[in-house]
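Notes to accompany the following structure.
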Amino acid sequence: MPQLPAPDYPDDVRARLEADAREVVARYPDSRSALLPLLHLVQSEEGHVTRTGQRFCAEVLGLTTAEVTAVATFYSMYRRRPGGDYQVGVCTNTLCAVMGGDAIFEALQEHLGVGNGETTDDGKVTLEHIECNAACDFAPVVMVNWEFFDNQTVQSAKGLVDDLRAGARVEPTRGAPLCTFKDTSRILAGFPDERPGAVEAGGTAGHASLTGLRLAKGEAGPARVVHPRGSGTPAAAGTPAASGDSRDGSPHDPSPTEHLSSHDAPQDTAASDPDHPAGPAAEEGE
């Protein structure tokens, strides 16, 4: 059956959101450009983008609800149903997956008793797998309300969600202190994070992610080629070993300026890794 029109916000909530919306819309020469931050704004009210929130955005911007819905359902940062105070996203894209992301996601589903996109009974944690956290040199990476938790393992990820559910203080690897999903949505709408020290605690990309930028600025030396750890592959005949690399492929002692990531230590791996104790995953169709 056709849905009835979405109900409106209570008068006091509507008045408050309209004042915030006017501030957001004023930043843009074309009002419809404010749709993305307005969707974050209404998400901060109820924890997800409701039909009421979509109606509000449409009325403020002079759009149809179909136009608003098309945007709200396209971007994964907008929830379409209620969720927890903390959205825990495990990267399962290629590098994070083989470095342990698949194992972490599988373990957290079992540990929390939820599936992808589901929320724990206490309303604290919503678990989901995400395609990329743009932090490959810190793989495997978990994000909580879009703050980074780098170089994770199964055990550290379990401890992380346990602390979140217990209300313990949890500090991201880098970036601002954690806040709830609703508070995060309001910040993403463009309103200042007024917590002391939150802005100053902004994170940064890792060493490998910034290599291209440093090369473009002439601030980094030539790339250094090393053999995989434990491969025992010597340098090719007549080819000198790369700086800092031993001919037997053994790990070298990094200088203080080198970046250390989970690549520099053994990690639990996913079933797709040929070295996994269970053996490599079967090829499709086998």
Side-chain angles (χ1 to χ4, degrees), residues 43 47-48 75-79 83-185 187-188 193 198 201-209 259-273 276:
Q43 183 165 251
H48 67 295
Y75 293 102
S76 61
M77 291 182 74
Y78 301 119
R79 288 178 174 172
D85 292 334
Y86 299 100
Q87 182 167 298
V88 176
V90 182
C91 182
T92 55
N93 213 326
T94 306
L95 184 56
C96 276
V98 300
M99 294 299 294
D102 281 350
I104 290 172
F105 184 63
E106 181 178 348
L108 287 184
Q109 289 185 93
E110 181 178 354
H111 184 65
L112 296 172
V114 297
N116 181 46
E118 296 179 351
T119 303
T120 54
D121 292 338
D122 56 11
K124 293 292 185 180
V125 171
T126 297
L127 178 67
E128 66 173 357
H129 74 79
I130 51 183
E131 285 302 312
C132 184
N133 282 326
C136 298
D137 43 335
F138 293 110
V141 178
V142 173
M143 294 193 90
V144 180
N145 293 350
W146 312 115
E147 298 294 346
F148 287 101
F149 290 80
D150 303 315
N151 299 326
Q152 292 294 293
T153 66
V154 168
Q155 290 306 314
S156 67
K158 287 182 178 179
L160 170 61
V161 296
D162 286 347
D163 286 344
L164 292 173
R165 299 184 73 184
R169 182 180 178 87
V170 175
E171 294 289 344
T173 307
R174 51 200 164 102
L178 281 184
C179 55
T180 67
F181 186 82
K182 289 183 179 180
D183 290 336
T184 300
S185 294
I187 294 169
L188 291 174
D193 188 343
T204 184
H207 179 88
S209 296
H259 167 69
L260 290 175
S261 75
S262 59
H263 299 232
D264 300 293
Q267 298 288 319
D268 293 334
T269 61
S272 57
D273 190 326
H276 191 277

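Basis for what follows: all heavy atoms, side chains included, without hydrogens, waters or symmetry-related copies. The chain is numbered in sequence order, starting from 1.
- Here the SG atom belonging to Cys136 is positioned 7.0 Å from the CG atom belonging to Asn93, to the nearest 0.5 angstrom.
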Would Gln87 and Trp146 count as a side-chain contact (heavy atoms from CB on, under 4.5 Å) here? Give the steps. CA-CA 8 Å; Gln87 182 167 298; Trp146 312 115; 3.4 Å; yes

Given side-chain contact (heavy atoms from CB on, under 4.5 Å), test Lys158 with Leu108 step by step and report yes or no. CA-CA 6 Å; Lys158 287 182 178 179; Leu108 287 184; 4.2 Å; yes

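- Shortest non-hydrogen contact noted between Ala107 and Val154 is CB-CG1, 3.6 Å.
- Atom CG of residue Asp85 and atom OG1 of residue Thr120 lie 9.0 Å apart, to the nearest 0.5 angstrom.
- Residue Asn145 comes nearest to Thr180 through the heavy atom pair ND2-C, 3.3 Å, listed as atom of the first residue, atom of the second, then distance.
- The line from CZ of Phe149 to SG of Cys91 is 15.5 Å long, rounded to the nearest 0.5 Å.
- Closest of all the heavy-atom pairs between Pro172 and Pro177 is CD-CA, 4.3 Å.
- For CG of Asp121, the number of neighbouring non-hydrogen atoms (other residues, nucleotides, ligands) closer than 6.0 Å is 12 at most.
- Between the side chain of Asn116 and the backbone N or O of His129, at least one donor-acceptor pair lies under 3.5 Å.
- Rounding to the nearest 0.5 Å places CG of Leu112 at 7.5 Å from CG of Asp162.
- Panel note: side chain Gln152, backbone Asp150; a donor-acceptor pair is recorded below 3.5 Å.
- Heavy atoms of other residues, nucleotides or ligands lying less than 6.0 angstrom from CD of Glu106 number 12 at most.
- Contact between Asn133 and Gly89 at its shortest, heavy atoms only, is ND2-O, 4.3 Å.
- Smallest separation of non-hydrogen atoms from Ala135 and Val141: O-CG2, 3.6 Å.
- For Thr184, the side chain to side chain donor-acceptor pair (under 3.5 Å) test picks out no residue, with sequence neighbours left out.
- In this structure, CZ in Arg79 is found 6.5 Å from CD in Gln43, a value given to the nearest 0.5 Å.
- Within the model, atoms CD of Glu171 and CD of Glu147 stand 10.5 Å from one another, a figure rounded to the nearest 0.5 Å.
- Summarising the geometry of Gly101 relative to Thr92, their closest heavy-atom pair is O-CG2, 4.3 Å, with the distance given to 0.1 Å.
- Side-chain atoms of Val144 and Leu164, non-hydrogen and from C-beta on, do get closer than 4.5 Å to each other.
- In this structure the side chain of Phe181 never reaches within 4.5 angstrom of the side chain of Thr126, judged on heavy atoms.
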Show, in sequence, the C-alpha distance, side-chain angles and deciding distance for Phe105 and Leu127, and conclude whether the side-chain contact (heavy atoms from CB on, under 4.5 Å) test is met. CA-CA 9 Å; Phe105 184 63; Leu127 178 67; 3.8 Å; yes

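- You'll find the side chain of Thr173 stays beyond 4.5 Å of the side chain of Asn151, heavy atoms only.
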